[in-house]
Amino acid sequence: MRTMIDLYALTQEQLAELIVSWGEPRFRARQVWAWLYDRRAASVEAMTDLPKSLRERLKVETTLGTLALAAEQASLDGTVKRLYRLPDGQMIESVLMPYDDDRRTACISTQAGCAMGCVFCATGQMGFARHLTAAEIFEQAMLFARDLEANGERLSNVVLMGMGEPFHNYDATLTAIHRLMDDLGIGARHITVSTVGLVPMIRQFADEGLQVKLAISLHAATDAERSALLPINKRYPLAELIDACRYYVETTGRRITFEWTAIQGQNDTPEQAHALGRLLKGLLCHVNIIPLNPTGGYMYGPSAVERVNRFVEILAEYGVTATVRVRRGIDIDAGCGQLKAEVLRRVKEAAVNDDEQL
Ligand code: SAH
Ligand code: SF4
């Protein structure tokens, strides 16, 4: 069987080479490119101003992407969560979050699974399968952009906060970010990359000269507590992490966002709030507090509102600003890795039921 060429994986130059190698004039490649990225066509058939022979050849020899939709759930708040199957059978998730203003934010994955093992994270609980290619990262946003376009809407923001650790897959992540900006027209300031705290890559990222936003998953303000939640903290302890954050702020002049998943009775204590205040005092930053989304592999629950409010008050004493974020798509397992975990559970259940029927 001939392998199909993935049009979404080609640069503009590679697409031109392909079309020219088929004996077509170069401007045809520009037409195809415009159909793909300006008009966001969902199929080759839609490319009506191409000669029929070229459309036929494209249909036979190329695909638009490689991700196959395996499951989709829509939440009451408008959040849409998708599970995709990759050509090798791996599964990844992406989420689209519409906001009341015109914002449409895609949350996309950078790896199948994750090697970082954060204890409260559904993806961490699954372990690592493989890195995604730049095309696989990019395509997740592309598919949402395409579907929005069909409804007269536009994808405005992308956060790399789905499954996986973006900085563990640094090069592919950076290539995908450049394509989001160049090919999908998403402004750098509308892209956020979130890392668990891989110190060398935070420094490298600071040197890229991009306007892309950086979020750091902090979750605890002392090494003992952080190492218990995020094993990577043993390799890159807080002092090194905050040094790298300072370097980022000094080099880019940009504010850092710290993510804080609030876990009842664990990291929502006044002691942790004071430790966090001391750690971040004077640094150009903001703290996002997100109540824990409970997962099967972790026994604790989200912090109560009063505890979170007290936490925010203490931070304010240190001049550290914080916002409590609402969890989106909570009714559809829209936390990182949770839809995949839920689908696997159901598949297992179905298998057990089948066995019982035999
Ligand atoms: N690997 C990167 C990006 C993906 S995770 C990172 O860790 O930053 C995106 C965010 O979701 C992280 O801040 C992560 O800590 C958080 N998260 C993971 N599991 C969660 C859960 N069960 N409830 C709330 N937040 C969670
Ligand atoms: Fe990986 Fe991020 Fe989940 Fe940690 S929180 S296991 S780094 S995806």
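Any value given below was found using the heavy atoms of this structure, including those in side chains, with hydrogens, waters and symmetry copies removed. This is a predicted model, so every value here is computed, not measured. Whatever order the structure lists them in is the order used to number ligands and atoms, beginning at 1.
Look at Gly164 and you'll find a heavy atom under 4.0 Å from some atom of ligand 2. Ligand 1 lies nowhere less than 4.0 angstrom from a heavy atom belonging to Gly197. Residue contacts with ligand 1: His219 is included, with a non-hydrogen atom under 4.0 Å away.
Between Asp243 and Arg203 the shortest side-chain heavy-atom distance falls below 4.5 Å. Proximity of Leu132 to Gln140: side-chain heavy atoms (C-beta onward) are separated by under 4.5 Å at one or more points.
Under the 3.5 Å distance criterion, with hydrogens and angles disregarded, a donor-acceptor pair is assigned to the side chains of Thr295 and Gln125.
For ligand 2, the atoms lying closer than 4.0 Å to a non-hydrogen atom of Gly124 are 6 (S). Atom numbering of ligand 1 starts at 1 in the shown order; those under 4.0 Å from a heavy atom of Thr295 are 22 (N). Atoms of ligand 1 found under 4.0 Å from any heavy atom of Cys121 (numbered from 1 in listed order, with element): 18 (C), 19 (N). The Asn293 neighbourhood of ligand 1 comprises atoms 21 (C), 22 (N), 23 (N), 24 (C), with distances under 4.0 Å to a heavy atom of that residue. Within ligand 1, the atoms closer than 4.0 Å to a non-hydrogen atom of Thr195 are 6 (C), 8 (O), numbered from 1 in the order shown. Atoms of ligand 1 found under 4.0 Å from any heavy atom of Val196 (numbered from 1 in listed order, with element): 6 (C), 7 (O), 8 (O). Short contacts between ligand 2 and Met116, defined as distances under 4.0 Å to a heavy atom of the residue, involve ligand atoms 1 (Fe), 7 (S). Here is the list of ligand 1 atoms found below 4.0 Å of a heavy atom in Thr261: 23 (N), 24 (C), 25 (N), 26 (C).
Close N/O approach between Glu259 and ligand 1 is not found [any backbone or side-chain N/O within under 3.5 Å]. Residue contacts with ligand 1: Phe120 is placed with a nitrogen or oxygen under 3.5 Å of a nitrogen or oxygen of the ligand (distance criterion only).
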Q) Could you go step by step and tell me if Tyr298 and Asn293 meet the side-chain hydrogen bond (donor to acceptor under 3.5 Å, both in side chains) rule? A) CA-CA 10 Å; Tyr298 187 62; Asn293 213 347; over 6 Å; no

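The closest non-hydrogen atom to atom 1 (N) of ligand 1, taken over Ser194, Gly164, Ser109, comes from Gly164. Between the choices Cys121, Cys114, Gly113, the shortest heavy-atom distance to atom 5 (S) of ligand 2 belongs to Cys121.
Between Phe311 and Trp260, the two ring planes are tilted [angle within 30° to 60°]. Aromatic ring orientation, Tyr170 versus Phe205: perpendicular (interplanar angle above 60°, classes split at 30° and 60°). Relative ring orientation between Phe138 and Tyr8 is described as perpendicular, the plane-to-plane angle rising above 60° on a 0-90° scale split at 30° and 60°.
Remark: side-chain polar atoms of Arg325 are not paired, donor with acceptor, to backbone N or O of Asn288 under 3.5 angstrom.
Here Glu136 does not pair with Arg85 in a salt bridge; the nearest charged N to carboxylate O distance is not below 4.0 Å.
Within the 4.0 Å heavy-atom criterion, both parts of Cys118, backbone and side chain, lie near ligand 2.
Cation-pi geometry between Arg39 and Trp35 is met: the NZ or CZ atom falls under 6.0 Å from the ring centre, inside 45° of the normal.
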